[in-house]
Structure formats: structure tokens, C-alpha cells
Amino acid sequence: MKYVDSFRDPAIAAPLCDRLKTRGAALAARGGRARIMEVCGSHTMAVGRHGIRQLLPENVTLISGPGCPVCVTAPGYIDAAIALARRGVTIATFGDMLHVPGSEGTLGECRSGGASVEVCYSPRSARDLALARPDREVVFLAIGFETTIAPVVSLVDLALREHIGNLSLLTAFKLVPPALRAVLDDPEIQVDAFLCPAHVSAIIGPRTYEPFARDFRKPCVIAGFEPLDILFGLCAILDQMVEGRASVENLYERVVHEDGNPIARALMDRYLRPVAARWRGLGQLPDSGLMLRDEFVRYDAEKRFDVPVGPGRESPGCLCGEVIKGKRSPLECPLFAQRCTPTDPVGPCMVSSEGTCSAYYKYERRMRA
Amino acid sequence: MRQRETSIQLAHGGGGVMSRNLIRDEIVSRFGRGPLEGLPDAARISIAGRELLFTTDSYVVTPLEFPGGNIGSLAVHGTVNDLAVSGGRPRWLSLGLILEEGLPFEVLRRVLDAIVAAATACDVRVATGDTKVVARGQCDGMFINTSGIGDPIPGFRLGPERLRPGDWVLASGTLGDHGMAVLAARAGIGIMGGPVSDSAPVHRLVEAAAAFAGGVRFMRDPTRGGIASVLNEAVEGQAVGILLREAVLPFAPGTRSAAEMLGLDLLNVACEGRLLMICEPGVGEGILETWHRLPEGQRACRIGEVDDRGGAVILETVMGSRRLVDVPQGEVLPRIC
Ligand code: SF4
């Protein structure tokens with residue numbers, strides 16, 4: 001574990017924290033502050049797990065962005081999955097989706113009521129499931145950002161090669177850059193810089209962020225998930241802000257290459273085409289999702305079983321939509337840690353292991369009392 | 001607000017908040033008077049004036065065999081440990097087997113041999129038993145139930161209400177190995193140098209601490225839900241809290257790699273052969289010294305202290321910041337034991 005420890009070395013962290021403080025002070029000296037959006041749910045969790053918020057100067061705030069795939073999935077999608085399960089289809093899904101509230105209930109409740117809902121640890125287990133039960137239709141809940149899309153569509157590739165006829169995908173793939181643009185286009189959301197996602201960037205490549213730096217003058221820094229990665233990333237952002245620069249910096253070169261991952265992108269391109277997608281919180285955004293191309297329509301569960309995915313109804317009182325956009329912090333939600341807890345979540349941000357509300361609940365709820 | 005569940009969900013068995021609610025609302029509400037009160041690991045009962053400790057546990061781990069043990073060794077260690085951490089000397093076991101049609105004899109024999117070996121090593125006798133066979137698909141290979149009876153070791157007065165600020169929190173060895181070994185076996189990542197279950201008895205560690213019994217305030221074996229669950233339960237509703245130090249937490253390298261890979265927090269992952277003890281500061285060094293002389297106590301260390309932050313378990317990270325150590329919620333890792 002030397003590898004991990006070298007990214008958690010307190011001897012390196014201390015000078016970084018000092019640097020954050022001096023940069024923060026330099027900003028403050030001209031009445032400035034930094035609102036930095038950590039886009040990705042894994043960053044949100046890492047910030048909580050390593051207590052990073054406490055290491056920041058007062059005028060530097062981290063706000064969570066729309067980077068938790070479960071959270072941004074619209075309730076209508078859950079409704080469609082439940083409708084399929086009720087029709088006797090086997091639903092294969094990552095565990096988090098079980099407890100995300102749809103308009104009426106959750107897939108977990110549906111499973112307890114006797115529906116066939118199987119938790120998968122990888123998309124491949126959906127294929128194993130389909131092979132093991134040739135008599136049943138298996139539908140994989142294909143959600144996720146650029147990071148997960150390639151491994152998930154490779155299921156279609158497998159199904160084609162292995163002539164698996166009883167496997168299909170209910171897709172709600174989402175793309176990160178259109179969501180960032182929506183955040184910047186919203187006059188009510190104030191973001192000064194982006195801490196860009198690590199793994200998504202490994203697929204799309206750093207250049208994708210250039211318009212945000214060039215046209216919107218927002219520093220974009222790609223960093224890994226280890227505490228030192230994050231501290232380095234925040235320092236780089238503050239450096240840019242103090243010097244009045246805005247550029248894309250890749251501090252995660254051990255994983256993110258200049259042109260991203262062209263092989264994964266080619267695979268995505270072969271099977272998928274851009275489509276308008278509905279985001280919880282952000283609404284319908286043009287070209288912000290991907291769906292199966294027409295020639296693969298038999299693998300598209302929405303068409304195959306004719307279950308249209310509607311908007312659905314969001315849980316009343318839940319501020320997830322605002323939290324996802326970085327407009328509000330979970331602590332501003334009156335339901336937080338009261339009526340809404342991970343055991344009995346009201347919104348998806350409290351369900352997902354990457355959700356902002358669940359990160360605050362897990363690591364910070366009592367630190368502030 | 002969404003509807004309440006109308007039936008049992010897997011998460012009810014995960015050792016997290018949902019398990020606790022289920023037990024509180026459905027079990028304790030019906031049976032919670034007498035020896036079951038407070039849900040000790042083992043009940044104190046008295047027969048003809050003689051005090052005994054009595055406990056039971058069921059084992060449904062999948063896969064049946066994993067690096068470091070199998071369902072048989074686990075069924076002995078789990079029950080022996082429940083008696084031991086209640087301040088007892090394990091004596092007798094019952095053994096209930098539920099076998100699925102089609103279970104290979106080979107596997108059954110390996111499991112039974114492991115039971116004999118573990119029972120001998122723990123100096124307990126299997127005194128009674130039962131075997132049932134169910135049709136294919138009605139259980140998963142095999143399930144085991146063991147009950148155990150033990151003699152109380154004089155001198156231990158245990159209970160979370162005895163915790164005081166300044167007390168030491170001790171762990172007898174590396175954390176999270178069992179849960180990670182089972183998960184890795186399940187995910188098929190049986191790599192060289194990967195996690196190996198710590199499934200083992202802790203009764204010798206308890207015996208070794210008996211010389212300091214008066215200064216011991218709390219003992220548990222951190223199974224489902226890991227040390228996070230046990231410590232949170234210990235301080236829940238109390239005026240004291242616990243501060244853990246990340247820098248000194250003992251982890252086996254293979255276990256840590258696997259946890260990082262699967263994105264799990266080892267504080268939430270089960271051990272099956274570790275003792276978590278909270279004691280007066282005065283006896284801490286002495287207990288650690290005696291533990292270090294035992295093979296199972298080689299990596300024993302102090303991992304934190306009791307403080308006055310009522311009800312909270314906090315981790316001081318290696319970065320010098322602090323964060324909450326929460327109770328895992330529901331379906332963290334089903335069928336780990
Ligand atoms: S705390 Fe719960 S109700 Fe409030 S925004 Fe988060 S998920 Fe929604």
C-alpha cells in the first residue's frame with residue numbers, strides 16, 4: 001500500500017495547506033473569494049472522507065456539482081424500471097439504484113414484493129445472468145457518465161457476439177460537459193472554477209474543458225481522488241485565480257492522457273448517438289445523453305418493451321435538484337438528517353454512495369453541531 | 001415521503017441501521033425483558049444457582065469456502081467469540097446443519113473437519129446437533145446454526161455505560177480482513193497477497209486480559225458493520241464519544257488494496273477473529289503487553305481514546321482533519337457470515 005500512502009503523506013499535506021491559506025489570503029486581500037465546484041461524486045466523497053473542507057481557508061468554498069450518476073437520474077426512469085420489473089422482466093442493476101425513489105416507490109420495495117431485481121457488481125454479471133436464465137428477459141439499468149458508458153455498451157457487443165437474445169439495456173447515459181455548461185448558463189449559480197472529474201476526464205480528455213476556461217474564464221483543474229491530489233488541485237485553481245488566469249490543467253497525468261481514451265470513445269460512438277436527456281435538477285438538456293443507435297434497437301429496452309420513460313414526479317420537499325446544481329448545500333434542506341436519512345431517503349442524493357447529501361450525512365453531519 | 005417497507009429487505013440483515021431497527025421494533029419489543037435486555041452478545045442465565053452464558057448465531061456466508069476459513073470454522077469462532085467477549089470461557093456448542101440437495105460430500109467433509117479442528121483449538125465440545133436436508137434452491141449450499149454455553153470469568157464488569165473520557169480503545173489485530181476476504185472470493189479476485197480472513201477465536205485474548213479484568217470496561221468482536229458499528233453502538237446516547245486515529249489503525253496490506261479497489265471503508269467491514277476493547281488508561285499498557293505475547297495479538301495496538309464528544313465517533317485523518325465515522329446503513333455486504 002505504499003502507493004496509496006504516498007498520496008496521503010501528512011508531511012506533504014502540511015505545506016500544501018499553508019499554500020492554500022496564503023493563496024486564500026491573497027484573494028481575500030482584494031475582496032475575493034473562490035467558489036470551486038467539485039463536479040464528480042467521487043470527489044465529494046473523498047472531500048468528506050478525508051475531512052478536506054476543514055483544511056480550507058474561510059473564503060474558499062467547495063460546492064458539489066452534478067456528477068453523481070444515480071442522483072441526476074430522473075424519477076421517470078425509475079418508474080419505467082419498476083414497470084418492467086412488474087411485467088416479469090429481470091432487472092439487473094448496480095446496488096445504489098435499488099433505493100432511489102421513483103414517483104411511487106423504489107426497486108428495492110418492488111423486489112421485496114417478489115419482483116426479480118438482481119444487484120450486479122459489474123455489467124458483465126448482467127450477461128452471466130442472461131446466460132444462466134435463457135427463459136427470462138434481463139434488462140440492465142444502463143446509467144452513468146462517460147466513465148461507465150464504454151464498459152456498459154460493451155454488453156451489447158458481447159450479446160451480439162455471443163448471440164444472447166434475452167438481454168437489453170434501459171439507457172439513461174449522461175455526458176458531463178453539457179451539464180457544466182448548464183451550470184454556467186444559470187445566472188443564479190455562482191461558480192468560479194471547476195475541480196474536474198478524474199475518471200470522466202480519462203475518457204473525454206482535458207481539451208474538452210477548454211471552452212469553459214477560454215469563453216467563461218473559469219479555471220478547470222483535473223485531479224485524482226487521493227487527499228493530496230485534491231489539495232494540489234485546489235492550490236492550482238487558487239494560483240490561477242490569484243494570477244487572474246483561466247486555463248485547463250491536468251494534474252492527474254498518471255491516469256488522464258492528453259487525448260483521453262479514443263478506444264472507449266470509438267466503442268461508444270459505434271453503438272450510441274447523442275440525444276436530449278432529462279436530468280434531475282437541470283431539466284432537459286440538448287445532446288446531453290447517449291442512446292443506442294437505430295440498428296441496435298433490439299437491445300434498447302425502452303423500445304423493445306414499449307415502456308416510455310416520462311418525467312415522473314420528484315419527491316415533495318426534496319431539494320436534490322438544487323443540491324445537484326450546487327445552488328444549495330444539503331445542510332440547507334429542512335429534511336436533511338431529520339426526515340431524510342440514508343435508511344429512509346427522500347431523494348436520490350441521500351441514497352447514492354456518491355450523493356452529496358449522503359456524503360454530508362456520513363462524514364460531516366455532527367462535525368458542525 | 002415514500003411508503004414504509006411492507007416486507008423484509010436484504011438490507012434488514014446488513015448489520016447497519018436497518019438491522020438495528022428491525023431488531024428493536026420486532027424482536028426486542030416482544031422478547032426484550034430478562035436476559036435479552038440490552039441485546040448482549042451472550043445472555044447471562046442462571047441454572048440451579050450457577051451462572052452461565054448462553055448465545056446463538058446462524059451462518060449463511062457465501063461462498064462456503066474463502067481464503068482463511070470456511071463456513072464451519074466461522075460457525076465455531078463466531079459463537080465462541082460471542083461468549084468470550086461477554087467475559088466467558090466457552091464450553092459447549094450445539095450444531096445445526098441445513099444442507100441443500102446437491103451439496104458435494106467433499107465440501108461437507110471439509111466443513112465438518114474445519115468444525116472439529118476449530119472446536120478442538122477452542123477447547124469446546126459439540127454436545128448436541130441436528131441435520132436437515134432441503135430441496136435444491138431452498139437454501140444455498142448449506143446454512144449452519146451454532147449455540148454456545150460458557151462459564152463467566154470472574155472479575156469482568158462490562159458495559160458501555162462504564163466508558164469514561166481518557167479510556168483507551170484497543171484492537172487486537174488488523175481490521176476488516178474477514179469481510180474483504182469473502183468479498184474478494186465472491187468477486188473472483190482471488191489474487192496472491194489478497195485479503196485472508198481473520199476467522200479465529202478471541203477467547204485466549206480475553207483470558208489474557210482477565211488479570212486486568214477490573215479495568216476493562218467494554219469488549220466486542222467487531223463482526224457485521226465493522227468497528228464503526230460497534231463503537232457507534234457503544235457511545236449512542238451517552239455523554240462520551242470516541243476519537244480514532246487513522247495513522248495508527250492496523251490494516252493488512254492485501255486487505256487495504258482490495259478495499260481501495262472496491263471503494264470500501266474498512267472501518268465498516270467485518271472481522272471474525274479480532275477483539276475490540278475499551279479499558280481504563282492504567283491497564284492499557286499491561287493488556288497490550290500480554291496480547292503481544294500471543295500469536296493472535298502480535299499486531300494489537302491502541303487505536304484511539306474515549307473523549308467527551310457525546311455520542312460521536314470521530315476519525316482524525318492522517319491529514320490532521322477530522323470526520324465522522326458513521327454506522328453503515330443497509331445492504332452493505334450481505335451474507336458475510
Ligand atoms: S437531504 Fe434528502 S430531501 Fe433534502 S435534498 Fe438531500 S436527498 Fe433531498
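Order of the sequence lines fixes the chain letters, A, B, ..., with proteins taken first and strands second; residue numbering starts at 1 for each chain.
- Residue A:Leu335: no heavy atom, backbone or side chain, is found under 4.5 Å from chain B.
- More than 12 non-hydrogen atoms from other residues, nucleotides or ligands lie less than 6.0 angstrom from CD of B:Gln138.
- Residues passing the side chain to side chain contact (heavy atoms under 4.5 Å, CB included) test with A:Pro15: none are found, sequence neighbours excluded.
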### Evaluation steps, side chain to side chain contact (heavy atoms under 4.5 Å, CB included), between A:Glu364 and B:Arg323
CA-CA 6 Å; A:Glu364 298 184 59; B:Arg323 61 109 157 151; 6.0 Å; no
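- Heavy atoms only, all atoms of each residue included: B:Met319 and A:Pro227 are closest at SD-CB, 3.6 Å.
- Considering only heavy atoms from C-beta on, B:Leu324 comes within 4.5 Å of A:Arg365 through its side chain.
- Between chain A and the options B:Gly311, B:Ala247, B:Gly320, heavy-atom pairs under 4.5 Å are most frequent for B:Gly311.
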### Message
Assess the residue pair A:His50 and B:Val318 against the criterion (side chain to side chain contact (heavy atoms under 4.5 Å, CB included)); give the C-alpha distance rounded to whole Å, side-chain angles, the decisive distance to 0.1 Å, and a yes or no.
### Response
CA-CA 8 Å; A:His50 302 291; B:Val318 291; over 6 Å; no
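- Contact of the B:Asp326 side chain with the A:Tyr363 side chain is not registered, since no non-hydrogen atoms from C-beta on lie closer than 4.5 Å.
- Residues A:Gly113 and B:Ser7 come closest through the heavy atom pair N-OG, 4.3 Å.
- Of all non-hydrogen atoms in B:Ser321 and A:Gly51, the two that sit nearest each other are CB-O, 3.1 Å.
- To the nearest 0.5 Å, atoms CG (A:Asp344) and CG (B:Asn21) are separated by 9.5 Å.
- Taking the salt bridge (charged side-chain N to carboxylate O under 4.0 Å, His left out) definition, one finds that B:Arg220 meets it with B:Asp41, B:Glu233, sequence neighbours left out.
- Atom OH of B:Tyr59 sits in a crowded spot, with more than 12 heavy atoms from other residues, nucleotides or ligands closer than 6.0 Å.
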